[in-house]
Amino acid sequence: MEYIVFFAAILVLVGSISMAMPSKSSRKISKIRMEAKLLGCKISSTLYGKNKFQNHSSYTTSYQIKNETNLKDAHFIRDKKQLILYSPVKLKYSESFETIKKQLGDASDSLIEVIFTNSSILFLWNEISGIEDLKIILNKLKEINYF
């Protein structure tokens, strides 16, 4: 009887330790987020507070960088293979809309949603794609020009 209690206690101890250890995927995402902070991204949760994103399904983390572009009000959402303009509609009729759309299209397929505000650019992307993909996205977002 003592052996059964002893083995049960060992199993409970091993089970609690293994549950407390991070998985391989969570360690990978943690490393990506740490490197993203070094690149100048502010990372926040989309679960709490005011959420401007339309994609509420599976992306719980948003990234934010300072808006150094001329585009101060725009919202793009990925629909299948391309990013489409969600708002404002008047941007669609501007002369430089096709250029902006091409620059965003060249960014990455892992870019899910982008919001341009006066002070920042907020975006959702598939973090599993890796840090190199994030570097491409950041460079393309900073290159966008709107005249």
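Just so you know, these numbers use all the heavy atoms, side chains as well, and skip hydrogens, waters and symmetry mates. What you see is a predicted model; the values in this text were computed from it and never measured.
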Take Leu83 and Leu111 through the side-chain contact (heavy atoms from CB on, under 4.5 Å) test and state the conclusion after the steps.
-> CA-CA 8 Å; Leu83 285 168; Leu111 187 61; 3.8 Å; yes

Apply the test side-chain contact (heavy atoms from CB on, under 4.5 Å) to residues Ile137 and Ser108: give CA-CA distance (whole Å), side-chain angles for both, the deciding distance (0.1 Å), then the verdict.
-> CA-CA 6 Å; Ile137 291 171; Ser108 174; 3.7 Å; yes

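Side-chain contact between Leu134 and Phe123: present, with at least one pair of heavy atoms (C-beta onward) separated by less than 4.5 Å. Residues Ile136 and Asp106 form no side-chain contact, since every pair of their non-hydrogen atoms from C-beta on lies 4.5 Å or further apart. Side-chain contact between Val114 and Leu122: absent, with no pair of heavy atoms (C-beta onward) separated by less than 4.5 Å. For the pair Leu39/Leu138, a side-chain contact is recorded, criterion being any heavy-atom separation below 4.5 Å from C-beta on. Looking only at side-chain heavy atoms (C-beta outward), Thr61 and Ser44 stay at 4.5 Å or farther from each other. Side-chain contact between Lys42 and Lys37 is absent, with no heavy-atom pair separated by less than 4.5 Å.
No hydrogens or angles considered: a donor-acceptor pair under 3.5 Å links the side chains of Asp133 and Ser110. A side-chain N or O of Ser26 and one of Ser23 form a donor-acceptor pair less than 3.5 Å apart.
Checked by atom type and distance alone, the side chain of Asn67 pairs as donor or acceptor with a backbone atom of Thr117 at under 3.5 Å. Side-chain atoms of Arg27 come within 3.5 Å of backbone N or O of Pro22 as a donor-acceptor pair.
Between Arg33 and Glu127 there is a salt bridge, since at least one side-chain N of the basic residue sits less than 4.0 Å from a carboxylate O of the acidic one. Ion pairing between Glu98 and Lys101 fails under the 4.0 Å rule for side-chain N and carboxylate O.
Here the CD atom belonging to Glu35 is positioned 8.5 Å from the CD atom belonging to Glu132, to the nearest 0.5 angstrom. Considering CG of Asp79 and CD1 of Ile77, their distance stands at 9.0 Å, rounded to 0.5 Å. A distance of 9.5 Å separates NE2 of His75 from CG of Leu85, quoted to the nearest 0.5 Å. For the atom pair CG of Leu71 and OG of Ser96, the computed distance is 8.0 Å after rounding to the nearest 0.5 Å. Distance check, rounded to the nearest 0.5 Å: SG of Cys41 to CD1 of Ile32 gives 12.0 Å. In this structure, the separation between CD on Glu2 and CD1 on Ile4 is 9.5 Å, given to the nearest 0.5 Å.
Scanning both residues, Lys28 and Ile128, for their nearest heavy atoms gives NZ-O, 3.7 Å. The minimum heavy-atom distance between Ile131 and Ala36, with the atom names listed, is CD1-N, 3.9 Å.
The residue from Leu141, Ile144, Thr69 that alone fulfils the side chain to side chain contact (heavy atoms under 4.5 Å, CB included) condition with Gln103 is Ile144.
Between Phe76 and Phe97, the angle of the ring planes stays under 30°, which puts this pair in the parallel group of the 30/60° scheme.
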